[in-house]
K.L.:
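One structure coming up, written as structure tokens, with questions to follow.
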Amino acid sequence: MTAPARPQRIAPVALHAATATGAHGHGLDALAELLARNRSALRANDLPDLHLATAIGRVDGLEAMAWPAAWAAWDSRATRLAWLGLQADGFIDAVAAARARHGAARIGLVLGTSSSTIAVSEAAYRALDADGGFAAALRHPALHTPHAVTAFVQQALGLEGPTLTVSTACSSSAKALAVAERWLRLQLVDAVVAAGVDALGGSLLHGFRSLGVLDDQPCRPFDTTRRGISIGEAAAYVLVARGDAAVRLLGHGERNDAHHMSSPHPQGLGAERALDDALARAGLEAAAIDFVNLHGTGTPANDEVEAALAARRYAPATHVCATKGLTGHTMGAAGLLEALVCALALQRGLLAGSAPTKAPDPAFGAAFAERWRPVPVQRRIRHAVSHAFGFGGNNAVLVLGC
Amino acid sequence: MPPVFVQGLGWWSTAWPAWPQAAAALRGEAAGLPAPASGRPSPAGLSANERRRAPDSVLMALQVAEAACAAAGADAATLPSVFTSMHGDLAIVDALCRTLADDPLLLSPTRFHHSVHNAASGYWAIGAHNTEASTALAADAHGFAAGWLEAATQCLADARPVLLVACDTEAVGPLRSVNHSRGLLAVALLLAPAPRGPQDRAIGWQLQPGAVAAPPLRSAAARSLQGNAGAGALPLFEALADSRSTTLALPLSPGLALQLALSPA
């Protein structure tokens, strides 16, 4: 029972529609504008119930938006974010067209999230009944489970194919794309909506504070003065199918560090194996990669390990950037949001910069500095890579191409 | 779809802490009478210190993962793994929410990293020295069927054995007013694209549009666990305890079923 040395090359998967909503605003044009201006969308934490000195990537208008009465039982910050996110870039229409063509049972849904609707359970604990249980208004069992956002999106899109939630912390939605590719490869479905949704909430903000990795200023990945992450929220979606399109998923790799629950392997073992597997599935060598969006969280440990990986694996001319200082670290949504940063590089030639970081920590060496790009560049490219690493040593790497 | 082959099984519940006893109980045999409560599982992949601190869900998941690998004679370090759970560890969710409500500044880093849905996946990788792909899934009450789908898909897509682990715990504290999971249940299957020999049962599978209800449970043992959020695994494990060929339709999502066809043992 020995494992195959390298995965087989796969047929590319076409990205037929895509959209993203986050601190950058609503839709891909807003994301492209943020990247082109290279100015952080992070702000001082102003969430009413969360008193923490940190910067956040907040989506405006979630609280005030009209919520359909039919979905009253699904109301939460995370489902509001998921719903708002669907209303851009013609995404709902693209899914409706796919549904008409293939049938609802032939379209899958796989959604990555780390915190889902846990904020609803958190709120229930702040307002318990006299009997010590949840208040009547918060007793919706379907909202108090990790699959809640996925079940909501499935209903909102009218899909009837296979549906599951991937919850592997910050690699979740990158892995969602890998699930989608396998379903298509085995012809279990004709199209898949892959998604990443995570909303700001107490468990994430206080959890990362407890680990001592929450920066009190907007995060500065790879900067000498980096002190940790800034948490953001986002909803990102793609509709993928077999065949051709302007942007395609060429490969994916998923590997574990087998090292520590909340710290990366010091030599980036799992991350590098994930990269190797992704390149093998794409049929590419690392030298063919033009653009890399690093995981780049701003924590001392991640950035040190990842800088060394980038310096030893990518060609000197590769455009290497980190965008979490612009958008915030959107947790389970980050993998797909940043895959869409790659898609913008491939489709529009917009290669993102890395604000607010200017120059990387000199401790990372000249080879990393040579690859690092602080400001955006306009250039046509063919191959892009996105890194997404999470708690539990869970690593995912995506290769996209045009 | 081409069939997958069951090379190893793992089971842990309070009354039946290993598959042989559980299989007898699921067949309704006297040998399957429930044992007195068996205490916490004790997986070998964790140090004594880690075992003391680990959440129940992690102990249960690792126990059944190790058992399935041992039954198959498989090297645990070489297998991709799929972990699935409707709720994750509910004692951890309760403690997390309680701390956030009372004094969020008291939240501990250990409790926080235990709260991620892939905690068992991460501990498994560390304990088994396994750098292969590992994922953690949820799909409401259909978590086991969704886990099967992902494990069987990986098994056939990449033509290699995959470990499937399903685990759910009991609601505690205020969660009990809204979350109806009771008891503890963890199961594991080592699925392979080819049999080692006639001892490995083949399971054919396909997706079938249309809503189905969960198959009725045949044994008192399975019915004693039907309150657990992972009870969706029970019909298949009843069928695996029985040597006859059979078919099952498990609900996979509101309008879709996972059809399974088991060859005779």
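First the proteins, then the strands, lettered A, B, ... as listed; each starts at 1. Note: hydrogens, waters and symmetry copies are ignored here, and every other heavy atom, side chains too, is used. These numbers were taken from a predicted model, which means no experiment stands behind them.
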K.L.:
Quick check on the interface: out of B:Ala133, B:Ala101, B:Cys97, who has the most heavy-atom pairs with chain A under 4.5 Å?
P.N.:
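When all of B:Ala133, B:Ala101, B:Cys97 are compared, B:Cys97 has the most.
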K.L.:
Under a 4.5 Å cutoff for heavy-atom pairs, which residue among B:Leu175, B:Leu106, B:Val116 has the most contacts with chain A?
P.N.:
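Sorted descending by pairs with chain A, the first entry is B:Leu175.
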K.L.:
So for B:Leu105, is it side chain, backbone, both, or neither that comes closer than 4.5 Å to the heavy atoms of chain A?
P.N.:
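Contact with chain A is through both the backbone and side chain of B:Leu105.
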K.L.:
Using heavy atoms and a sub-4.5 Å threshold, report which of residues 152-161 of chain A line up against chain B, by residue number.
P.N.:
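So far as heavy atoms go, A:Gln154, A:Glu160, A:Gly161 are the residues that approach chain B to under 4.5 Å.
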K.L.:
Report the option among A:Gly207, A:Ala151, A:Gly132 that has the most heavy-atom pairs separated by less than 4.5 Å from atoms of chain B.
P.N.:
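Going by pairs under 4.5 Å, I would pick A:Gly207.
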K.L.:
Nearest heavy-atom pair of B:Thr153 and A:Arg182: which atoms, and what distance?
P.N.:
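Reported closest heavy-atom pair: CG2-CB, 3.6 Å.
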K.L.:
Let me know if A:Ser114 has heavy atoms under 4.5 Å from chain B in its side chain, its backbone, both or neither.
P.N.:
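For A:Ser114, there is no contact with chain B at all, as no heavy atom is under 4.5 Å.
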K.L.:
Among the options B:Pro2, B:Ser253, B:Gly255, B:Pro80, pick out the one with the most heavy-atom pairs lying under 4.5 Å from chain A.
P.N.:
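Maximum pair count with chain A is reached by B:Ser253.
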K.L.:
So what's closer than 4.5 Å to chain B heavy atoms on A:His259: side chain, backbone, both or neither?
P.N.:
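When you check distances to chain B, only backbone atoms of A:His259 fall under 4.5 Å.
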K.L.:
Out of A:Met261, A:Arg139, A:Glu122, return the one with the most heavy atom pairs under 4.5 angstrom to chain B.
P.N.:
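Counting heavy-atom pairs under 4.5 Å, the top option is A:Met261.
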K.L.:
Starting at OG1 of B:Thr84, measure out to CG of A:Leu164 and round the result to the nearest 0.5 Å.
P.N.:
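Rounded to the nearest 0.5 Å, the OG1-CG separation comes to 8.0 Å.
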K.L.:
With a 4.5 angstrom heavy-atom cut-off, could you sort out which part of B:Phe83 is near chain A: side chain, backbone, both or neither?
P.N.:
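For B:Phe83, there is no contact with chain A at all, as no heavy atom is under 4.5 Å.
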K.L.:
Holding to ring-ring contact (aromatic ring centres under 6.0 Å, His included), I want the full list of residues that pass it with A:His144, two or more places apart in sequence or in another chain.
P.N.:
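A:His144: ring-ring contact (aromatic ring centres under 6.0 Å, His included) contacts with A:Phe134.
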K.L.:
Using the test ring-ring contact (aromatic ring centres under 6.0 Å, His included), find all partners of A:His140 that sit at least two apart in sequence or belong to another chain.
P.N.:
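ring-ring contact (aromatic ring centres under 6.0 Å, His included) check on A:His140 returns nothing, list empty.
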K.L.:
Report yes if some heavy atom in the side chain of B:Met1 is under 4.5 Å from a heavy atom in the side chain of A:Leu186; otherwise report no.
P.N.:
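Of all side-chain heavy-atom pairs linking A:Leu186 with B:Met1, at least one is under 4.5 Å.
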K.L.:
Under 4.5 Å heavy-atom distance to chain A, tell me which part of B:Gln206 shows up: side chain, backbone, both or neither.
P.N.:
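The answer is neither part of B:Gln206.
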K.L.:
Go through the atoms of A:Thr145 and report whether side chain, backbone, both or neither lie under 4.5 Å from a heavy atom of chain B.
P.N.:
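Both the backbone and the side chain of A:Thr145 come within 4.5 Å of chain B.
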K.L.:
In residues 136-146 of chain B, which residues are in contact with chain A at a heavy-atom separation under 4.5 Å?
P.N.:
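Counting heavy atoms that sit under 4.5 Å from chain A, the residues of residues 136-146 of chain B involved are B:Ala136, B:Leu137, B:Ala138, B:Ala139, B:Asp140, B:Ala146.
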K.L.:
Which region of A:Leu188, side chain (C-beta onward) or backbone (N, CA, C, O), has a non-hydrogen atom less than 4.5 Å from a non-hydrogen atom of chain B, or is it both or neither?
P.N.:
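The answer is both parts of A:Leu188.
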K.L.:
I'd like to know which of A:Gly253, A:Ser167, A:Gly133 tops the heavy-atom pair count under 4.5 Å against chain B.
P.N.:
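The residue among A:Gly253, A:Ser167, A:Gly133 with the greatest pair count is A:Ser167.
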K.L.:
Find out whether B:Thr110 and A:Ser210 are in side-chain contact, i.e. whether some heavy atom of one side chain is under 4.5 Å from a heavy atom of the other.
P.N.:
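The answer is no; the side chains never approach within 4.5 Å.
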K.L.:
Which answer fits A:Asp257, side chain, backbone, both or neither, if we ask what part of it has an atom under 4.5 Å from a heavy atom of chain B?
P.N.:
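The answer is the backbone of A:Asp257.
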K.L.:
Minimum heavy-atom separation for B:Ser134 to A:Asn394, with atom names?
P.N.:
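Looking at all heavy atoms of both residues, the shortest contact is O-ND2, 2.9 Å.
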K.L.:
Could you tell me whether the side chains of B:Asp94 and A:Tyr125 share a donor-acceptor contact shorter than 3.5 Å?
P.N.:
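Side chains of B:Asp94 and A:Tyr125: pair found under 3.5 Å.
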K.L.:
Counting heavy-atom pairs under 4.5 Å to chain A, which of B:Ala125, B:Ser108, B:Gly127 comes out on top?
P.N.:
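Looking at each of B:Ala125, B:Ser108, B:Gly127 in turn, B:Ala125 comes out on top.
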K.L.:
May I ask you to say whether B:Asp158 pairs ionically with A:Arg185, meaning some side-chain N is under 4.0 Å from a carboxylate O?
P.N.:
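Yes.
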K.L.:
Under a 4.5 Å heavy-atom cut-off, does chain A meet the side chain of B:His113, its backbone, both or neither?
P.N.:
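Contact with chain A: backbone and side chain both.
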K.L.:
Counting heavy-atom pairs under 4.5 Å with chain A, which one of B:Gly122, B:Ala119, B:Pro254, B:Pro104 comes out on top?
P.N.:
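Top count of heavy-atom pairs under 4.5 Å with chain A: B:Pro104.
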K.L.:
With a 4.5 Å cut-off on heavy-atom pairs, point out which of B:His114, B:Arg98, B:His117 contacts chain A the most.
P.N.:
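Among the listed options, the one with the most contacts to chain A is B:His117.
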K.L.:
Answer yes or no: does atom CZ of B:Arg111 have more than 12 heavy-atom neighbours from other residues, nucleotides or ligands under 6.0 Å?
P.N.:
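Atom CZ in B:Arg111 is not crowded, with 12 or fewer foreign heavy atoms closer than 6.0 Å.
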K.L.:
Contact part of B:Leu96 toward chain A, heavy-atom cut-off under 4.5 Å: side chain, backbone, both or neither?
P.N.:
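Side chain only.
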K.L.:
Relative to chain B, which of A:Gly392, A:Ser172, A:Ala148, A:Pro146 shows the most heavy atom pairs under 4.5 Å?
P.N.:
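The option with the most such pairs is A:Pro146.
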K.L.:
If you count heavy-atom pairs within less than 4.5 Å of chain B, which of A:Arg126, A:His206, A:His260 leads?
P.N.:
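Heavy-atom pairs under 4.5 Å are most numerous for A:His206.
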K.L.:
Does the side chain of B:Thr131 come under 3.5 Å of the side chain of A:Arg273 through a donor N or O and an acceptor N or O?
P.N.:
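Note: B:Thr131 and A:Arg273 side chains meet the donor-acceptor criterion.
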K.L.:
Has B:Asn130 got a side-chain atom pairing as donor or acceptor with A:Ala258's backbone, closer than 3.5 angstrom?
P.N.:
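Absent.
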K.L.:
Please flag which part of A:Gln8 lies under 4.5 Å from any non-hydrogen atom of chain B: side chain, backbone, both or neither.
P.N.:
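For A:Gln8, no heavy atom lies under 4.5 Å from chain B.
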K.L.:
Of all of A:Gly393, A:Pro162, A:Gly270, which one pairs up most often with chain B through heavy atoms under 4.5 Å apart?
P.N.:
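Most heavy-atom pairs under 4.5 Å with chain B: A:Pro162.
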K.L.:
Would you call A:His147 and B:Met86 a side-chain contact if the rule is heavy atoms closer than 4.5 Å?
P.N.:
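Contact flag for A:His147/B:Met86 side chains = no.
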